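A short write-up of the structure that comes next.
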Protein chains: 2
Amino acid sequence: MTATIKDVAKKAGVGLGTVSRVLNNHPSVSEETKKKVLEAIKELDYNPNAIARSLKIKSTNSIGVMIPDISSAFYSDIVRGIEDIANKYKYNIILLNTDLKREKEKEALITLKEKKVDGILFISNTINDKLKKDFRKINIPVVLIATKDKNEEFHSVTIDNEEAAYKATEYLIKLGHNKIAMLAGKNDDPNAGIPRIEGYKRALTENKIAVREDYIFHGDYKFKSGFQNMLKIIKLKDKPSAIFAASDTMAVGAASCAMQHGFKIPDDFSLIGFDGIELAQYFYPPITTIKQPRYEMGAKGMEKLLKLIQGEEIEKGEVLEFELVERSSCKLKGD
Amino acid sequence: MTATIKDVAKKAGVGLGTVSRVLNNHPSVSEETKKKVLEAIKELDYNPNAIARSLKIKSTNSIGVMIPDISSAFYSDIVRGIEDIANKYKYNIILLNTDLKREKEKEALITLKEKKVDGILFISNTINDKLKKDFRKINIPVVLIATKDKNEEFHSVTIDNEEAAYKATEYLIKLGHNKIAMLAGKNDDPNAGIPRIEGYKRALTENKIAVREDYIFHGDYKFKSGFQNMLKIIKLKDKPSAIFAASDTMAVGAASCAMQHGFKIPDDFSLIGFDGIELAQYFYPPITTIKQPRYEMGAKGMEKLLKLIQGEEIEKGEVLEFELVERSSCKLKGD
DNA sequence: ATGAAAGCGCTAACAG
DNA sequence: CTGTTAGCGCTTTCAT
């Protein structure tokens with residue numbers, strides 16, 4: 001049997017209240033009894049039962065992390081940021097994969113409710129109305145990471161996707177390119193989809209380059225869709241000289257396709273990605289990209305959640321800085 | 001206030017015991033009262049309190065996952081396997097990063113003990129004696145993933161690293177190579193280090209190729225160490241024609257280095273990696289590698305743990321199959 | 001400063 | 001089949 005507070009009290013010859021007090025180092029305990037208790041604790045190799053404690057104080061020091069897929073490089077970095085901060089403040093994280101499925105989100109939420117987590121971090125690229133309704137009803141602080149709701153009803157930490165896409169496209173334009181294709185996300189993705197397309201278009205328009213819809217290819221951010229869309233691009237009579245991909249993985253898929261067909265990066269196509277995952281860095285040639293501060297998004301999200309839990313008033317939407325990191329996949333047009 | 005079982009009982013006009021019974025669908029409840037209770041539950045939007053339940057039944061349906069770093073591609077895939085199985089059996093996972101630091105492992109263990117997890121999954125490439133002692137003392141089932149202890153005192157799921165390295169090296173030999181270098185791990189790493197070096201040496205020896213210590217380069221499995229060791233290799237007067245890397249990330253680092261210096265893969269160097277992470281697949285050229293069944297390791301580990309929790313007798317060490325996946329980074333010697 | 005007692009929300013044994 | 005009761009291990013008044 002594992003020792004309880006009662007055993008400790010008996011051994012130390014004090015009441016249980018006293019043991020509890022030294023455990024939570026309450027001031028009003030004499031040094032002497034404190035010593036006795038500490039000794040008994042050591043002798044019995046006693047560990048407090050967090051479950052019992054939680055039941056009593058109605059707080060678990062656990063937070064729930066809902067994530068599309070922990071095995072995705074983009075998301076796992078976020079979780080690392082979360083865990084580091086959580087750990088620092090003695091919180092633990094319960095991890096649930098949602099696969100972006102409404103059904104799994106729903107189940108996850110029920111679990112989290114039953115397990116009485118003190119807060120929830122919801123990581124995704126989108127949030128649907130039903131889930132919002134659930135979040136509203138539940139009486140647990142929530143912060144969204146890498147997504148936000150239109151009305152800013154919930155707290156969130158994101159980057160400015162439109163602006164980032166604008167900068168990426170502008171970078172290509174400044175390099176002299178005027179035929180710039182985009183490997184985009186989907187038109188119904190309010191975070192990584194639409195805003196990045198809009199930023200791309202705005203950069204073009206502001207620089208007096210006509211937007212060509214036939215230069216926009218929609219994909220799912222994965223390697224294969226980058227590869228396949230690139231297949232279409234290299235078949236174009238009027239080829240672009242530069243490409244902006246809405247994810248590094250698609251960028252790499254496109255690069256692989258191009259190289260496999262005898263083209264060179266950046267000689268034949270300048271290429272800029274999005275996300276800043278390791279893959280882009282380690283690819284050859286290393287891919288220039290918009291780096292999202294993934295670790296910081298997680299860390300910041302956790303910090304916000306902590307404040308919310310403590311009842312502090314904080315700003316709703318936190319927009320973090322992205323960074324354009326130049327590597328070797330882009331060059332001056334015609335250089 | 002959130003509703004409790006008591007509220008439900010009152011509303012349904014029954015005793016709390018009855019509510020508890022329908023919650024755990026105990027057979028001995030009449031259809032009629034069951035209906036009443038269910039109705040009350042719905043009306044009150046009641047959710048059972050898992051904390052209270054856990055305190056009573058002394059089981060939390062949570063398991064602890066100790067992992068070096070969730071943001072590492074290799075480990076995050078394992079966790080996905082774990083979570084899928086856990087989820088299937090209504091278990092949740094509490095995630096703790098250890099960074100392979102004894103101090104963090106120790107703290108993690110205390111936390112897990114206090115939170116009363118039903119079991120622990122320890123993922124690492126090594127396990128030190130102090131931790132083993134802690135595991136022994138703690139009264140919670142443990143299974144090791146991707147590592148094992150020498151005496152097989154603990155349950156584990158691994159691959160046969162020596163054999164895998166043997167196969168990788170043999171593959172290169174069969175391609176006609178006899179000057180094969182190795183980008184190895186460290187000599188004090190009992191899992192990914194030593195056995196892979198031994199497998200490499202055995203393949204050489206069995207094929208009557210002399211082992212050259214100057215062809216073995218030690219690294220930390222990361223990109224940079226692959227890159228830097230490759231720098232040494234290309235400066236060798238007597239260059240190898242093939243390289244076996246103990247991790248895909250080092251293989252990719254080596255390939256980048258080689259390509260950056262004007263060498264071609266596989267023309268100038270045949271290259272085989274280890275692990276089977278996405279990076280190897282998406283690199284250009286795609287890297288031939290020994291694929292570890294990471295997802296399965298996690299899933300299998302979780303299944304074993306579940307059995308242990310249920311008190312079943314199971315085999316101690318489970319050795320999973322690896323797979324040599326051929327891609328485009330190797331070619332016949334002199335072809 | 002400290003002991004005793006109540007109770008967090010639930011399950012399980014007991015009685016009926 | 002169902003209501004009542006006694007805890008699970010802890011925190012927190014309330015006395016003393």
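Please read all numbers here as calculations on a predicted model, not as lab measurements. Below, read A as the first sequence line, B as the second, and so on, with proteins coming before strands; counting in each chain starts at 1.
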Margin query: Could you check, using the six-membered ring where one of them is a Trp, whether A/Phe122 and A/Phe135 have ring centers closer than 6.0 angstrom?
Written below: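 Between A/Phe122 and A/Phe135, the centre distance is under 6.0 Å.
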Side-chain N or O of [X] versus OP1/OP2 of [N]: is the shortest distance under 4.0 Å?
X: A/Thr4; N: D/dG9; value: no
X: A/Lys58; N: C/dG9; value: yes
X: A/Asn49; N: D/dC8; value: no
X: A/Ser54; N: D/dC10; value: no
X: B/Thr18; N: D/dG3; value: yes

May I ask you to say what [X] touches in the nucleic acid, namely base, sugar-phosphate or nothing, with a heavy-atom cut-off under 4.0 Å?
X: B/Ser30; answer: sugar-phosphate
X: A/Val19; answer: nothing
X: A/Leu55; answer: base

Margin query: Less than 3.5 Å apart, any donor N or O on the side chain of B/Lys115 or A/Ser62 sitting next to an acceptor on the other?
Written below: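 Indeed, the side chains of B/Lys115 and A/Ser62 share at least one donor-acceptor pair under 3.5 Å.
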Margin query: Could you tell me if A/Tyr295 and A/Asp84 have a donor-acceptor pair between their side chains, going purely by distance under 3.5 Å?
Written below: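 Result is yes, a qualifying pair exists.
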Next item on the list: Spell out yes or no: do the side chain of A/Arg53 and the base of D/dT12 have one donor N/O and one acceptor N/O closer than 3.5 Å?
Entry: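 No, the side chain and the base share no sub-3.5 Å donor-acceptor pair.
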Check: Are A/Lys132 and A/Glu153 close enough for a salt bridge, meaning some N to O gap below 4.0 Å?
Finding: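 The answer is no: the pair does not qualify as a salt bridge.
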